[in-house]
Amino acid sequence: PRVRRQRQMCIRDRHMDSKQDYGYLELHIEEILKKNNISKNKLCKDLDIPRANLNRYCQQRFQRIDANLICKICYYLNCDISDLIEYHKN
């Protein structure tokens, strides 16, 4: 008879099951755009970013951050990453 091997949890799954809260990131794209009088449409057009992606970042509904996109936005807005992203501990 065949012996079934139990699937071991990968490291990623173990970390996800730990329920530990590491805090969260807050993006300040919308505030910086308003301060500089730049529309979301202009930013999207100039940087070739899909508007839906930008909206997710502005509404804090992102799962992952695209490092290249953050670099493009920092360059375009002439700001530091610390102006754009804020880490909050819980």
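This one's a predicted model, so the numbers in the text were calculated from it and none came from an experiment.
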TODO: Please report the closest heavy-atom contact between Cys79 and Ile32, naming both atoms and the distance.
DONE: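 Of all heavy-atom pairs spanning Cys79 and Ile32, the closest is SG-CD1, 4.3 Å.
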- [ ] Return the set of residues passing side-chain contact (heavy atoms from CB on, under 4.5 Å) with Arg51 (not counting sequence neighbours), or none when no residue passes.
- [x] Lys40, Asn41, Cys44, Asn55
TODO: For Arg64, check side-chain contact (heavy atoms from CB on, under 4.5 Å) against everything at least two apart and list the hits.
DONE: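 Not a single residue meets the side-chain contact (heavy atoms from CB on, under 4.5 Å) criterion with Arg64.
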Could you give the distance from [atom1] ([X]) to [atom2] ([Y]), rounded to the nearest 0.5 Å?
X: Asp66; Y: Ile49; atom1: CG; atom2: CD1; answer: 9.0 Å
X: Leu77; Y: Ile29; atom1: CG; atom2: CD1; answer: 8.0 Å
X: Leu54; Y: Leu33; atom1: CG; atom2: CG; answer: 7.0 Å
X: Tyr57; Y: Ile73; atom1: OH; atom2: CD1; answer: 7.5 Å
X: Ile65; Y: Arg56; atom1: CD1; atom2: CZ; answer: 12.5 Å

Open item on the list: Between Tyr22 and Ile85, is there shared hydrophobic-cluster membership here, with clusters defined by ILVMFWY side-chain heavy atoms closer than 4.5 Å?
Closed with: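 No.
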TODO: Return the set of residues passing salt bridge (charged side-chain N to carboxylate O under 4.0 Å, His left out) with Lys35 (not counting sequence neighbours), or none when no residue passes.
DONE: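 Testing Lys35 for salt bridge (charged side-chain N to carboxylate O under 4.0 Å, His left out), a comparison that skips the adjacent residues, returns none.
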Task: Residues clustered with Tyr24, ILVMFWY side-chain links under 4.5 angstrom - done: none
Open item on the list: For Gln60, give me all partners under side chain to side chain donor-acceptor pair (under 3.5 Å), at least two apart in sequence or on another chain.
Closed with: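 Gln60 satisfies side chain to side chain donor-acceptor pair (under 3.5 Å) with no residue once adjacent residues are dropped.
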- [ ] Would you indicate whether Leu47, at its atom CG, is surrounded by more than 12 heavy atoms from other residues, nucleotides or ligands within a distance under 6.0 Å?
- [x]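 Atom CG in Leu47 is crowded, with more than 12 foreign heavy atoms closer than 6.0 Å.
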Open item on the list: Counting only heavy atoms not in Asn90 (residues, nucleotides, ligands), do more than 12 fall under 6.0 Å from its CG?
Closed with: yes
Task: Any pair counted as side chain to side chain donor-acceptor pair (under 3.5 Å), so long as it reaches residues 71-81, sequence neighbours left out - done: Asp46-Tyr76
